[in-house]
Amino acid sequence: MASRLVMRFDVITIFPGLIHGYLQEGIVGRALTRGLIEVQTWNPRDFSDSTYRRVDDRPFGGGPGMLMMAPPLLAAIAAARQANPGVPVIYLSPQGRRLQQQAVQDFAVLPGLILLAGRYEGVDERVLAAVDAEWSIGDYVLAGGELPALVLMEAVARQLPGLLGHADSAAEDSFAASGLLDCPHYTRPEVVAGASVPEVLLSGDHGRIRRWRLQQSLGRTAERRPDLLEQRGLQAGEKELLEEYRRQDGE
Ligand SMILES: NC(=O)c1ccc(NCc2ccccc2N2CCOCC2)nc1
């Protein structure tokens, strides 16, 4: 396997412990120990010229809460850009573009990312002049941008070749590969609280199993995310699979 260059993430955050803490476990932790990724955090407090390492202040024009001041953030962004040159600076915010799997795949081919995690009520607007793109992980509000930064890092790290155990499991991800929701999965024990496993999965007939799994993905996507199905359309033979699924469901 061609050894890929290391992907480097720089996170600008006043809570570096939140980032490093999460990276102790799981696949991103493993990617770190295996040297597939590097993570560096930059704390705006280290770039504050005030005696109390101040990074927040009251909003001009009044209003609740505090805002992150621009100078410490701009200095932290500049330091990160110097350490990780030529990579985009991404600001995680509820006002950003919605993150979807396609964007994750586009990020995964870059040599790195610089992620700005906001806190308080947000950041001074003049910081955005130093940012390349603003992204949101979903339409909900969190206390800080650290979780969104970790979500983005993990989604991207999963795409890196050589990271996941089963070579192509990232490529087989239901979203990435088929644009459909995942089918149901079962493992031992065969009977759980009286519920058994669909017999097709025990049949050893791999063509039938593949057909059943596609049918389940189509049916579930039609039921739960018709928008995804609309966007993707149906390929040859899938309309019949879906109709059969609906007939069975009707039973
Ligand atoms: N959906 C997302 O990707 C997402 C990202 C961040 C985030 N919060 C940090 C934040 C960052 C930027 C601006 C405002 C804020 N907030 C600070 C706390 O108050 C509300 C606004 N929340 C949700």
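Counting starts at 1 for both ligands and their atoms, following the listed order. When a residue number appears, it is its place in the shown sequence, counting from 1.
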S.K.: Return the option from G138, G96, G145 holding the heavy atom at the smallest distance from atom 1 (N) of ligand 1.
M.R.: G138

S.K.: Taking the side chain as everything from C-beta on, heavy atoms only, tell me whether F60 gets closer than 4.5 Å to L67.
M.R.: no

S.K.: Among all the protein's non-hydrogen atoms, which is closest to atom 17 (C) of ligand 1, and how far away is it?
M.R.: Y120 O, 2.9 Å

S.K.: Could you work out, for atom 14 (C) of ligand 1, the closest of G122, G118, A117 by heavy-atom distance?
M.R.: G122

S.K.: When you measure from atom 16 (N) of ligand 1 to every protein heavy atom, which one gives the shortest distance, and what is it?
M.R.: L142 O, 3.9 Å

S.K.: Can you pull out the closest protein heavy atom to atom 20 (C) of ligand 1? Residue, atom name and distance to 0.1 Å, please.
M.R.: V141 CG1, 3.2 Å

S.K.: Nearest protein heavy atom to atom 23 (C) of ligand 1, by residue and atom, and its distance?
M.R.: Y140 O, 3.3 Å

S.K.: Considering only non-hydrogen protein atoms, determine which one is nearest to atom 3 (O) of ligand 1 and report residue, atom name and distance to 0.1 Å.
M.R.: I137 N, 2.9 Å

S.K.: How many angstroms lie between atom CZ of R210 and atom NE2 of H206, to the nearest 0.5 angstrom?
M.R.: 9.0 Å

S.K.: Starting from atom 6 (C) of ligand 1, which protein heavy atom do you reach first, and at what distance in Å?
M.R.: L92 O, 3.7 Å

S.K.: What's the shortest distance from atom 13 (C) of ligand 1 to any protein heavy atom, and which residue and atom give it?
M.R.: Y91 OH, 3.2 Å

S.K.: Nearest heavy-atom pair of G233 and E238: which atoms, and what distance?
M.R.: O-OE1, 4.2 Å

S.K.: Relative to ligand 1, is A143 under 4.0 angstrom through side chain, backbone, both or neither, heavy atoms considered?
M.R.: backbone

S.K.: Is the contact between P148 and ligand 1 made by the side chain, the backbone, both, or neither, using heavy atoms and a 4.0 Å cut-off?
M.R.: side chain

S.K.: Would you indicate whether the side-chain heavy atoms of T13 and L18 approach each other to under 4.5 Å?
M.R.: no

S.K.: What is the nearest protein non-hydrogen atom to atom 15 (C) of ligand 1, stated with its residue, atom name and distance?
M.R.: P94 CD, 4.1 Å

S.K.: Can an N or O of S136 be found at a distance shorter than 3.5 Å from an N or O of ligand 1?
M.R.: yes

S.K.: Looking at side-chain heavy atoms only, is the closest gap between I14 and Y120 below 4.5 Å?
M.R.: yes

